[in-house]
Structure formats: structure tokens, C-alpha cells
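Only one structure is covered here, and it is reproduced in the block below.
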Amino acid sequence: MSNNISIASWNVNSLNVRLPHVLQWLETNPVDVLGLQETKMTDEKFPADAIRDAGYQVAFSGQPTYNGVALLSKAPAEDIITDPPNVTDEHRRIIAGTVNGIRVINLYVVNGKAVGDEKYDYKLDWLKRVNNWIEDETARHDKLVVMGDFNIAPADADIHDPDAWRDQILCSKPERAALQRLLDMGYVDTFRQFDQEAETYSWWDYRQAAFRRNMGLRIDLVLASTALAAQCSSSIVDKEPRRWERPSDHAPVVAEFAV
DNA sequence: ATGGTGGTACCACCA
């Protein structure tokens with residue numbers, strides 16, 4: 001017997017503004033798991049009731065103004081972690097839980113601002129610590145998803161203008177090396193397991209009419225562990241909500257697994 | 001060279 005599990009990630013850039021977008025998207029895309037990033041709200045203000053009314057359980061880790069992550073799921077999420085060992089960070093960037101037997105790690109990776117900036121150093125240190133923790137999680141579980149806003153474009157094919165972005169923030173070699181460490185653990189970028197339309201991205205700056213001109217980057221990823229990647233049946237970027245009124249600058253990404 | 005948030009009624013910070 002076989003069961004399809006769909007798992008999605010979406011940087012909403014303020015859940016306060018984007019709650020209607022999330023609820024509307026879930027109506028036509030009733031995924032089993034949805035990880036949100038940049039909720040930008042405290043836990044006290046989190047719209048848990050509205051999300052439960054839509055048929056989802058929800059766990060969240062927020063703070064005022066910045067960052068903030070949430071994990072929505074039809075089935076209950078167990079063993080929730082928001083503060084992994086040795087990842088001491090005031091920023092609310094991590095939420096992990098086990099849903100339908102799959103360990104789901106939802107990340108809002110540090111942006112880093114610019115190569116050489118102190119925030120860039122923080123990004124690389126954060127990635128090192130989080131990778132160490134994911135290595136431990138990977139040893140404990142068989143089926144895992146590591147997803148979220150990685151703020152790293154894996155390859156030139158994920159960048160609208162690779163020459164302009166060469167070695168810049170989101171594209172630099174040390175950032176890609178941190179992502180490569182996950183691939184070396186056996187994780188697979190599910191998007192690249194399938195034929196995709198050329199120049200498919202997941203984030204477009206609000207400025208310069210970047211979306212209309214498709215000046216984007218693919219920085220939102222659903223990685224699956226070796227065992228789970230073998231069961232992945234599709235992986236896509238859903239650009240539709242980026243066309244809606246008052247959109248997030250990111251599109252949701254969705255992977256489906258036959259488990 | 002836009003958009004979100006939050007402190008103060010325009011400006012700072014972050015992406």
C-alpha cells in the first residue's frame with residue numbers, strides 16, 4: 001500500500017500580511033506539511049486559530065519584527081525542536097518536527113547581507129552549527145526533509161544573471177560549500193530530480209519589476225534524505241501566488257513523496 | 001529604489 005505525502009516551504013515575508021494568501025493557497029494546495037519562514041511576529045500574535053480552522057495543526061517559533069518560522073501539518077507533529085543543541089541563536093530560524101514518519105526540518109537561513117559583512121560571518125557560522133545538528137538528526141532518522149529559505153542559490157542555473165551574481169551574497173563559494181555539506185550527507189535537491197522549465201526561480205526582489213522580468217534566484221529548496229529522495233514523485237515551484245495582490249517576494253516550493 | 005516592521009508622524013533597519 002502506498003500513500004502520497006506533499007511537503008511545502010514558503011517564505012511569506014510577514015504572516016500578518018500574508019495569512020490570507022496562505023489560507024487561499026492551502027485551499028487549492030492542501031499539502032500535508034507546510035513550513036513557513038519570516039512570519040515576523042511574536043508567538044502571542046500568531047494566528048493559530050485561523051490555521052486550525054483551515055484543518056491544520058501548527059507549531060511556531062517567533063519574535064518581534066524579524067525572522068520567525070512555523071510548521072503546519074494535517075497530522076500532528078511530534079518531537080518539535082526550535083533550539084537545537086549547540087545552535088545558540090536568539091533569532092527564531094528553526095523548527096523541526098516528525099510528521100507521518102518523516103523528520104521535517106524547516107529553516108530560515110541567515111541572509112548574510114554581503115560577502116565579508118559581519119552578518120556573512122554569522123551566516124557561515126550558523127550554517128556550520130546547523131549542519132552539525134542535521135548530521136546528528138540524519139543519523140537518528142531514515143526519512144528526512146531539510147527545507148526552507150536557504151538564502152543560497154545552488155548553481156548558476158538557479159540565477160537569472162550568474163555573471164553579475166558571481167561570488168556575491170547568496171551565491172558565494174563558502175555558502176555553496178555549506179549546502180554541499182548537506183548533499184554530501186546524502187541529501188538531494190528534489191527540484192533537480194525532475195525536468196524543469198529553464199530559468200525557474202523562487203525569489204524575485206520587489207524592486208526593478210524583477211518578477212515581471214523574471215530576474216530571480218532559486219533559493220527556496222526542499223532537500224530529501226537519500227531514502228526519501230528515492231520516493232519523491234514531483235518537486236515544483238508554484239509561481240502563482242507571486243502574481244497575487246500584495247505578494248510575498250518568495251513563491252512556495254512543493255515536493256511530493258510516495259511513501 | 002520596493003516592501004515589511006517599528007518607532008514617531010518621516011526615518012531606520014532588514015531583506
Side-chain angles (χ1 to χ4, degrees), chain A residues 9-25 34-48 50-51 60-70 89-95 106-127 130 147-154 158-162 164-172 174-176 178-179 201-221 237-253:
Chain A
S9 167
W10 196 2
N11 180 323
V12 292
N13 185 22
S14 165
L15 186 57
N16 189 40
V17 174
R18 241 65 73 181
L19 177 63
H21 302 66
V22 170
L23 296 177
Q24 171 147 6
W25 187 78
L34 174 60
L36 302 179
Q37 305 90 34
E38 285 207 272
T39 55
K40 294 189 172 179
M41 55 171 54
T42 58
D43 292 347
E44 289 70 30
K45 292 181 179 168
F46 193 91
I51 287 169
F60 42 92
S61 178
Q63 67 181 91
T65 315
Y66 304 120
N67 310 311
V69 286
D89 188 8
E90 291 175 10
H91 293 186
R92 304 293 79 197
R93 298 179 175 278
I94 298 173
I95 190 161
N106 179 40
L107 303 177
Y108 174 46
V109 174
V110 178
N111 176 284
K113 188 169 181 173
V115 175
D117 191 277
E118 62 183 16
K119 293 194 174 95
Y120 180 75
D121 297 333
Y122 161 53
K123 179 178 196 172
L124 295 181
D125 182 64
W126 187 93
L127 283 164
V130 171
M147 67 177 183
D149 177 358
F150 276 75
N151 273 317
I152 302 171
D158 303 306
I159 307 170
H160 74 276
D161 187 345
W165 280 87
R166 183 102 40 222
D167 295 323
Q168 302 299 305
I169 194 67
L170 314 182
C171 307
S172 74
E175 292 167 273
R176 285 178 171 172
L179 176 61
Y201 309 120
S202 68
W203 169 80
W204 303 259
D205 200 297
Y206 285 120
R207 292 165 285 194
Q208 299 177 274
F211 181 65
R212 183 179 57 74
R213 301 159 72 190
N214 197 27
M215 296 167 59
L217 300 179
R218 192 175 67 92
I219 55 178
D220 300 271
L221 312 176
V237 178
D238 183 2
K239 289 207 257 186
E240 193 198 326
R242 188 63 177 79
R243 300 187 190 100
W244 293 350
E245 288 294 311
R246 221 181 168 191
S248 168
D249 45 352
H250 294 253
V253 294

For A/Asn106 and A/Leu36 the tightest heavy-atom approach is ND2-O, 3.1 Å
Residue pairs passing the salt bridge (Lys or Arg N to Asp or Glu O under 4.0 Å) test with at least one member in residues 239-253 of chain A, sequence neighbours excluded, are none
Per the under-4.0 Å heavy-atom filter, residues of residues 206-217 of chain A near DNA chain B come out as A/Tyr206, A/Arg207, A/Gln208
d(A/Leu34 CG, A/Ser9 OG) to nearest 0.5 Å is 7.5 Å
Applying salt bridge (charged side-chain N to carboxylate O under 4.0 Å, His left out) to A/Arg18 and not counting sequence neighbours gives none
Those residues at least two apart in sequence (or on a different chain) that pass ring-ring contact (aromatic ring centres under 6.0 Å, His included) with A/Phe150 are none
Inter-nucleotide C1' distance (B/dT5, B/dA9), Å rounded:
16 Å
_A/Gln37 vs A/Asp149, test: side chain to side chain donor-acceptor pair (under 3.5 Å). Steps then yes/no._
CA-CA 7 Å; A/Gln37 305 90 34; A/Asp149 177 358; over 6 Å; no
Heavy-atom nearest nucleotide on DNA chain B taken for A/Asn13 and for A/Asp249; more 5' hit belongs to A/Asn13
Under the rule of Watson-Crick or G-U wobble with both distances under 3.5 Å, where | means paired to another strand and [ ] a crossing pair, DNA chain B maps to .(((((....)))))
Across all chains, not counting sequence neighbours, the ring-ring contact (aromatic ring centres under 6.0 Å, His included) partners of A/Tyr66 are none
Across all chains, not counting sequence neighbours, the salt bridge (charged side-chain N to carboxylate O under 4.0 Å, His left out) partners of A/Asp205 are A/Arg207
B/dC14 and B/dC10, which share atom name P, separated by this distance in whole Å = 23 Å
Side chain to side chain donor-acceptor pair (under 3.5 Å) filter on A/Asp238, not counting sequence neighbours, yields A/Trp25
Ranking A/Asn151 and A/Leu15 by the position along DNA chain B of their nearest nucleotide, the one closer to 5' is A/Leu15
Side chain to side chain donor-acceptor pair (under 3.5 Å) filter on A/Arg166, not counting sequence neighbours, yields A/Asp156, A/Asp163
For A/Tyr120, the ring-ring contact (aromatic ring centres under 6.0 Å, His included) test, sequence neighbours excluded, returns none
Min and max contacting nt of DNA chain B in 5' to 3' order, chain A heavy atoms within under 4.0 angstrom, are B/dA1 to B/dA15
So do A/His250 and A/Asn13 actually touch side chain to side chain, heavy atoms under 4.5 Å? no
Contact check, residues 106-116 of chain A vs DNA chain B, heavy-atom distance under 4.0 Å, returns A/Tyr108, A/Asn111
Subject >> Distance, C1' atom - from B/dG7 to B/dC13, rounded to whole angstrom >> reply: 11 Å
Answer yes if the side chains of A/Tyr122 and A/Asp89 hold a donor-acceptor pair under 3.5 Å, and no otherwise. yes
